[in-house]
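First comes the structure, then the notes that go with it.
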Number of protein chains: 2
Amino acid sequence: MRRQSKVPTLDEILEALERASEFDELQSISEIVRDFFSIDHINYHWVSSSSSPYVCGTHSKAWIARYHEKEYLRVDPVIQGCFQRFHPVDWKRLDWSGKAARALQADAIAHGVGTQGYSVPIRGPNGQFALFTLNHTCSDEEWADFMRRNRCNFLLIAHYFNQKALEFEPERAPELAQSLSPREIDAMTLLAMGYSRAQVAETLSISEHTLRVYIESARYKLGAVNTTNAVARALSRGLIVI
Amino acid sequence: MRRQSKVPTLDEILEALERASEFDELQSISEIVRDFFSIDHINYHWVSSSSSPYVCGTHSKAWIARYHEKEYLRVDPVIQGCFQRFHPVDWKRLDWSGKAARALQADAIAHGVGTQGYSVPIRGPNGQFALFTLNHTCSDEEWADFMRRNRCNFLLIAHYFNQKALEFEPERAPELAQSLSPREIDAMTLLAMGYSRAQVAETLSISEHTLRVYIESARYKLGAVNTTNAVARALSRGLIVI
DNA sequence: CTCTCCATCGCCATTTCTGGGGAGTGAAAT
DNA sequence: ATTTCACTCCCCAGAAATGGCGATGGAGAG
């Protein structure tokens, strides 16, 4: 048994994650994970621009502040690339050709993020989306080899981090019970597909007025101020899919 | 090394999953996984009401057919429970009190599904959702102990199954879109947040006419027919976040 | 047996979008 | 150096969405 040794096993790290009862613990576990894998940085980032940022990891405070200040979230190829993928992705495989993306990249390296990156997308209920990211400075070959050996571990650690984040932020998904009725889902889906109200009403074989009741009702349930916002909220909560 | 033995290691199972190139292979790997864990059933189920069902595993064809015939999808507490959760869930912890749910439960047991169940929710891009389920007939204590020991493995296997399913259904993946300009992203984001055009224009400190040019331009790039559709597409492609 | 929620229908006035024109600047890319 | 593209500004008229009023019947839950 290695229980007494200074370096914990992966299982012990997962257990520690499971036992964590407050945010600060995640922060210190981040450092343990980083040391365990002997890499420069690990970072957990719950991606959402509307609510307060939810980040923990070993990146410098300066970098995190700058990331928000510059609103890099909007142009980050890591975010955009991972959002469309299921599988974790090496940063080298992303598209950094945009001007804003290159600026972000240079800024990140200047802030000591590292030259190599690997991000695991994680998704929870209601369209929740987070990234678990590893960073290091080393050769491409070393990095690829390291990833080959450890990516399963990263999947698990990412999962545990996200589980805790969801636990600590229950207000993120509170009025989930307010799901939409089947007709409301139909209406929202067709609207998201670009149908006008008249077309939706015809498609659903109901009067346009009835349709409006559904839209209003969905809008109310979603706390949206107009149809576009209702569709956006329904989409980002995973209530509809287009 | 157990490489030569008849029973594969978990790593070998994951490798086999990774190598799989067609649907039928997943079916046979399901049986290997079932035997590996010595349980009654394992099942991978891509949950989607719109497209054709996507199921593989060791449940009987009769049960799968009945599940669809009876439209149990709509009332299944496993689906409803897992859809709202991030963490895998034991079927005992779900709410089986509804009339339809109890009928489903009785029907499932009659079809040999087993008395114990454990389902892992998995989510991919664009609201993709799937379940990886384990079933067995044994005591609650045995089941709980088995799950404690193996749930990390199930997370990984579920992930690999889903990865393959997504690979085999490429039409679900949206074409990687050309990105929007910063101003277009601003416009789409604010529209998604429910701002009217006048409000967006004021927020961005531009004329409403200019704003319209951005919206039109984004709409064209996204292949959208109207603003709501453009916002929906931008959201589901991860170009904007709200 | 209520009570809530879902599904369905109607009218009117006002606000907001949409689609059709056109035009000039500066920065980046080829 | 020429082209491309992002960004900015302007007008108008018709189409579409919104807000507020109200109503009936049925299914399921407590």
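Side chains included, hydrogens not; waters and symmetry mates left out as well; all remaining heavy atoms used. Here is the naming used below: chain letters follow the sequence lines, and residue numbers restart at 1 for every chain.
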Given atom [atom1] of [X] and atom [atom2] of [N], what is their separation to the nearest angstrom?
| X | N | atom1 | atom2 | value |
| --- | --- | --- | --- | --- |
| B:I185 | D:dA6 | CD1 | C1' | 13 Å |
| B:Y220 | C:dG19 | OH | P | 15 Å |
| A:L211 | D:dA17 | CG | C1' | 11 Å |
| B:N226 | D:dA17 | CG | P | 8 Å |
| B:E202 | C:dT16 | CD | P | 12 Å |
| A:I215 | C:dA7 | CD1 | P | 14 Å |
| B:M188 | C:dC17 | CE | P | 12 Å |

Would you check if there is a donor-acceptor pair between the side chains of [Y] and [X] at a distance under 3.5 Å?
| X | Y | answer |
| --- | --- | --- |
| B:S30 | B:T58 | no |
| B:D107 | B:Y67 | no |
| A:Q116 | A:D40 | no |

Assign a letter to each nucleotide of nucleotides 21-30 of chain D from its 5' end: B, base within under 4.0 Å of a protein heavy atom; S, sugar-phosphate only; -, no contact. -B--------
Could you walk me through whether A:W91 and A:T115 satisfy the side chain to side chain contact (heavy atoms under 4.5 Å, CB included) test, starting with their C-alpha distance in whole Å, then the side-chain angles of each, then the deciding distance to 0.1 Å, before giving a yes or no? CA-CA 9 Å; A:W91 286 12; A:T115 55; over 6 Å; no
[X] side, atom [atom1]; [Y] side, atom [atom2] - distance, nearest 0.5 Å:
| X | Y | atom1 | atom2 | result |
| --- | --- | --- | --- | --- |
| A:F129 | A:I79 | CZ | CD1 | 6.5 Å |
| A:M147 | A:E142 | CE | CD | 12.0 Å |
| B:R233 | A:M193 | CZ | CE | 9.0 Å |

Extract from the structure each pairing of a protein N or O with an N or O of nucleotides 3-6 of chain C at less than 3.5 Å, listing the distance.
unit_1 : atom_1 : unit_2 : atom_2 : d
C:dC6  : OP1    : A:K221 : NZ     : 3.2

Earlier contact from the 5' end, DNA chain C, for A:E208 and B:L191: A:E208
Taking every non-hydrogen atom, the tightest pair across A:L131 and A:S119: CD2-CB, 4.4 Å
Closest to side chain of A:T210, choosing from D:dA17, C:dC9, C:dG20: C:dC9
Does A:R212 make a side-chain donor-acceptor contact with the base of C:dG10, cut-off 3.5 Å? no
Counting only distance, no hydrogens or angles, is the base of C:dG19 paired donor-acceptor with the side chain of B:R219 under 3.5 Å? no
Counting any heavy atom closer than 4.0 Å, what does A:S196 reach on the DNA or RNA strands: base, sugar-phosphate only, or nothing? sugar-phosphate
Are the side chain of B:R66 and the backbone of B:Y72 linked by a donor-acceptor contact shorter than 3.5 Å? no
